[in-house]
Protein chains: 2
Amino acid sequence: MVKSYMTGMNGDEHVVTFDMQCNLLGLDGLTGEVHTSSAVALETVSLCGISISRMETLGNRSPLWLFSLLASELVRGHSTLLILSRKDAQARLAAFLLDLSGRFRVRGQSPQEFNLSMSRQDIGNHLGMTIETVCRALSCLRKSRLIDIDYRRVLIRDFDRLHALTGT
Amino acid sequence: MVKSYMTGMNGDEHVVTFDMQCNLLGLDGLTGEVHTSSAVALETVSLCGISISRMETLGNRSPLWLFSLLASELVRGHSTLLILSRKDAQARLAAFLLDLSGRFRVRGQSPQEFNLSMSRQDIGNHLGMTIETVCRALSCLRKSRLIDIDYRRVLIRDFDRLHALTGT
DNA sequence: CGAGATATTGACTAGGCTCAATTGAAGTGG
DNA sequence: CCACTTCAATTGAGCCTAGTCAATATCTCG
């Protein structure tokens, strides 16, 4: 798991995405300008660099593939936007956990039980809420029997109600 | 001015972007799947359609141009994300107005005085706040002598302080 | 085991939402 | 031209969610 973040000129950071295996990082650098975001690994990772010229070659060979990739990122961003601008703390957490769950699923790992690689701080930063609110919302979800959570270990107990909570 | 919005399955709408002359609409359709967003014109507009195959041709001719275009949208989305997740009502409005101002500027129109083509409702929806909060925040900015606003007519009186307010 | 980081929980406060009333603008038809 | 309707915008009062400040609790790692 790798987190990507942008840094404001006041030095404040905003966690934009958490990326996993097979994700492409640093697409924001394709503007030709500088990268607007940085990234740090949250655990030991191996990664593969792709030069701009290599990207160009790939683009020539199958432009639609690359377009759709970028467009997907665009759509993903819009979804995140929707959640951030309209949902309350619990709904955000629910959406966040379900997003992670789905990404574990497509990678053949358990969508039901998994470890959070990131701190509460990072989660809160990413979802636009304080670390305390993250804790409280998680506790609330636990008390409602929607999830079990013990530090960074998550077990999803009720996918349906969790999904209903997100309102999407 | 055209607004693009996504519709949740509960029928609720979220205004994702406001687009102007020379903007490309519907890039989300490049996933190859369906478009995730719809668009409505807020005033009389003329527009030019580009087919997927035409996009492919353009992509072959100058892939980097198209990449950078999509990447720019990506970065733009991330900035919006940052504002939505971290700023309060006044800062969001300030950022919104300055964004519009800048876009008028590059199009040779007055960056200082302009008309809002969209309703308070749309603004609130886009910025993730209620219509009442939009009004109150605008009134507050007016009382602070940062802007003049009369219905949809906006005059920016103090760019510096407005920019400072956004905290970016 | 101890130190420092991370997480949880509580009490209080504040910014934004809800509900409600009023004003202003833009038509519409007689 | 004016009464009437309709919708957008503004403003106020009260409430509620999430932020702030503060105190513990638990984990991690040397």
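Chain letters run A, B, ... following the sequence lines, proteins first, then strands; residues in each count from 1. Side chains are part of it too, since the values below use all heavy atoms of this structure and drop only hydrogens, waters and symmetry mates.
Here B/Glu13 contributes atom CD and B/Lys3 contributes atom NZ; the two are 6.0 Å apart, rounded to the nearest 0.5 Å.
At whole-Å resolution of the value, CZ in B/Arg86 and C1' in C/dG15 are 17 Å apart. Atom CG in A/Leu116 sits roughly 13 Å away from atom C1' in C/dT6 (whole-Å rounding). Following rounding to the nearest Å, A/Asp150 (CG) and C/dA7 (P) show an atom-to-atom distance of 12 Å. Counting to the nearest Å, the C1' atom of C/dA7 and the CG atom of A/Leu141 are 16 Å from each other. Between B/Gln121 atom CD and D/dT10 atom P the separation is 13 Å, expressed in whole Å. Taking atom CZ on A/Arg92 and atom P on D/dA18, their separation rounds to 8 Å, with Å as the unit. Here D/dA9 presents its P atom at 9 Å from CG of B/Asp122, a figure rounded to the nearest Å. The distance between atom CG of B/Asn115 and atom P of C/dA25, rounded to the nearest whole Å, is 14 Å.
Between A/Ser139 and C/dT9 there is a side-chain N or O to OP1 or OP2 distance below 4.0 Å. Contact annotation: B/Arg152 does not reach the phosphate of D/dA8 (side-chain N/O to OP1 or OP2, under 4.0 Å). Between A/Thr130 and D/dT20 there is no side-chain N or O to OP1 or OP2 distance below 4.0 Å.
Within 4.0 Å (heavy atoms only), A/Gly128 reaches sugar-phosphate atoms of the nucleic acid but no base atom.
Side-chain contact check for B/Arg145 versus B/Asp158: every heavy-atom pair is 4.5 Å or farther apart. Residues B/Ser85 and A/Leu127 have side chains not in contact (no heavy-atom distance under 4.5 Å, counting atoms from C-beta outward).
Each of C/dA7, D/dG19, D/dT10 was ranked by its minimum atom distance to the side chain of B/Arg120; first place goes to D/dT10. Set against D/dT17, D/dA9, C/dC17, the side chain of B/Tyr151 has D/dA9 as its closest nucleotide.
If you check distances only, the side chain of B/Glu132 does reach the base of C/dC19 with a donor-acceptor pair under 3.5 Å. Side-chain atoms of B/Arg136 stay outside donor-acceptor range of the base of C/dG15, with no qualifying N/O pair under 3.5 Å.
Contact check on B/Arg157 versus B/Asp148 returns a salt bridge, with a Lys/Arg side-chain nitrogen under 4.0 Å from an Asp/Glu carboxylate oxygen. The pair A/Asp99-A/Arg103 meets the salt-bridge criterion, since a charged nitrogen lies less than 4.0 angstrom from a carboxylate oxygen.
When the nearest nucleotides of DNA chain D are assigned to B/Met118 and A/Ala89 by heavy-atom distance, the more 5′-ward of the two goes with B/Met118.
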